Amino acid sequence: MHPEPVDHSPRQSFPWAVLRQRWEDLTFLHWAVDPALVAPLLPAGTRPDTLDGVSHVGLIGFRMVGLGFGRGPAVPYFGTFWETNVRLYSVDDLGRRAVVFRSLDASRLVPVLVAQATLRLPYLWSSMRIDRDGDRLTYRCRRRWPGPAGTTSRMVVRVGEQVSDPTPLEHFLTARWGLHTRAYGRTLHLPNWHPRWPLHRAELLHLDDELVAAAGLPAPVGPPVSVLYSPGVGVRFGPPVAVRRPD
């Protein structure tokens, strides 16, 4: 089955939300990668999603705010934290485009443990912070547990002009409405929805990263093919469903 269109503002595809949260001060760094290299790293029933025959690896830093369950209130203290993830791009046999996380470093231990236990997501506990000085943001991360302990990342970006008309690549990398993960013998698709991204182009001023290599991928070489910033969006996640082949 052909992949679904890359839609920058689809309708919500699920009737009710199991999780609510807000993502703020996001920086997206992306590098091109050979699809054959990442294919073995994806869950069963999925394959690399590509644009013009190329797949991508992303390094994304941001602040998670107000994580809550269903229609309930945000979880105090534990529901707000910093996060940095390494992700790949996938499509399943029903054509659903999604992301696959190779690692998710978070600065609160309890959400790490919950995500590991429920969806088997590769969350890790890390010391992390984001500092802002005008249009300049610095993201710092040092892994604590489970390891490799001491793995670090530091990226510094300068936020530029707002993007009024994203390129096909910028749409492809950001218009993602679900994730694929392998949990308890099944590949799952977890849908999400949020308003259209408010995007800015950004300039990478400094990068010293070990997270991508620790996630089983080649360390970044050369400048990213895309550097973007977003002030943030509110996000809802629907219930996970098993990935199945079409009848």
Side-chain angles (χ1 to χ4, degrees), residues 23 25-43 46-51 54-64 81-91 97-108 111-112 115-116 119-130 137-157 169-170 172-174 176 178-183 187 190 192 202 204 206-230 235:
W23 300 333
D25 284 330
L26 301 95
T27 287
F28 305 83
L29 306 183
H30 284 93
W31 293 265
V33 65
D34 184 348
L37 183 67
V38 302
L41 304 178
L42 301 181
T46 71
R47 62 187 185 275
D49 197 7
T50 61
L51 180 66
V54 176
S55 197
H56 296 82
V57 54
L59 177 67
I60 294 92
F62 66 101
R63 185 169 182 250
M64 176 83 77
F81 50 89
W82 291 298
E83 183 172 320
T84 304
N85 63 60
V86 176
R87 74 187 197 186
L88 302 174
Y89 294 83
S90 57
V91 60
R97 300 179 187 268
V99 301
V100 171
F101 293 109
R102 291 295 297 168
S103 64
L104 302 105
D105 287 76
S107 62
R108 294 272 191 259
V112 167
Q116 287 179 350
L119 292 171
R120 311 303 290 174
L121 288 169
Y123 264 94
L124 306 110
W125 183 36
S126 297
S127 173
M128 200 177 309
R129 64 181 294 169
I130 302 173
L137 289 96
T138 300
Y139 300 76
R140 295 181 177 88
C141 175
R142 178 178 291 274
R143 187 168 295 166
R144 291 173 167 172
W145 177 87
T151 301
T152 62
S153 181
R154 180 175 179 266
M155 54 183 177
V156 184
V157 298
L169 176 61
E170 290 166 344
F172 179 84
L173 297 173
T174 59
R176 294 281 145 172
L179 68 88
H180 288 124
T181 187
R182 189 74 176 170
T187 297
L190 183 65
N192 69 41
L204 180 61
H206 175 82
L207 178 66
D208 184 7
D209 177 75
E210 299 174 337
L211 299 181
V212 172
L217 294 154
V221 176
V225 297
S226 176
V227 184
L228 293 170
Y229 167 82
S230 177
V235 188

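Predicted model only: the values in this text are computed from it and were never measured.
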Side-chain heavy atoms of [X] within contact of [Y], under 4.5 Å:
X      : Y      : answer
Val112 : Arg108 : no
Ser103 : Leu124 : yes
Val33  : Pro48  : no
Trp82  : Met64  : no

Provide the closest heavy-atom pair for [X] versus [Y] in the form atom of the first, atom of the second, distance.
X      : Y      : result
Ile130 : Arg63  : CD1-N, 4.0 Å
Gly216 : Leu41  : O-CD1, 4.0 Å
Pro146 : Gln116 : CD-NE2, 4.3 Å
Ala106 : Met128 : N-CE, 3.9 Å
Asp49  : Ser55  : O-OG, 3.1 Å

Got a donor-acceptor contact below 3.5 angstrom from the [X] side chain to the [Y] backbone?
X      : Y      : answer
Arg102 : Ala215 : yes
Trp31  : Gly222 : yes
Glu83  : Leu104 : no

Interatomic distance, [X] atom [atom1] to [Y] atom [atom2] [nearest 0.5 angstrom]:
X      : Y      : atom1 : atom2 : answer
Leu173 : Arg87  : CG    : CZ    : 7.5 Å
Met155 : Leu29  : CE    : CG    : 5.0 Å
Thr84  : Tyr139 : OG1   : OH    : 9.0 Å
Leu211 : Ile60  : CG    : CD1   : 11.0 Å
Leu169 : Ser226 : CG    : OG    : 5.5 Å
Leu88  : Phe101 : CG    : CZ    : 10.5 Å

- prompt: So among Leu42, Thr181, Leu179, Val86, which one has a side chain to side chain contact (heavy atoms under 4.5 Å, CB included) with Val100?
  reply: Leu42
message: Is there a side chain to side chain donor-acceptor pair (under 3.5 Å) between Ser126 and Arg144? Walk through the geometry before answering.
response: CA-CA 5 Å; Ser126 297; Arg144 291 173 167 172; over 6 Å; no
message: With side chain to side chain contact (heavy atoms under 4.5 Å, CB included) as the criterion, how do Tyr89 and Leu51 come out once you've worked through the C-alpha distance, each side chain's angles and the decisive distance to 0.1 Å?
response: CA-CA 10 Å; Tyr89 294 83; Leu51 180 66; over 6 Å; no
Modelled atom types, side-chain donor and acceptor of His180 and Ser90, under 3.5 Å: yes
message: Looking at Arg142, I want to see if its CZ is surrounded by more than 12 non-hydrogen atoms of other residues, nucleotides or ligands under 6.0 Å.
response: no
task: Run the numbers on Trp23 and Ser230 for side chain to side chain contact (heavy atoms under 4.5 Å, CB included), then give the verdict.
output: CA-CA 9 Å; Trp23 300 333; Ser230 177; over 6 Å; no
message: Please tell me whether Phe172 and His30 form a close aromatic pair, meaning their ring centres lie under 6.0 Å apart.
response: no
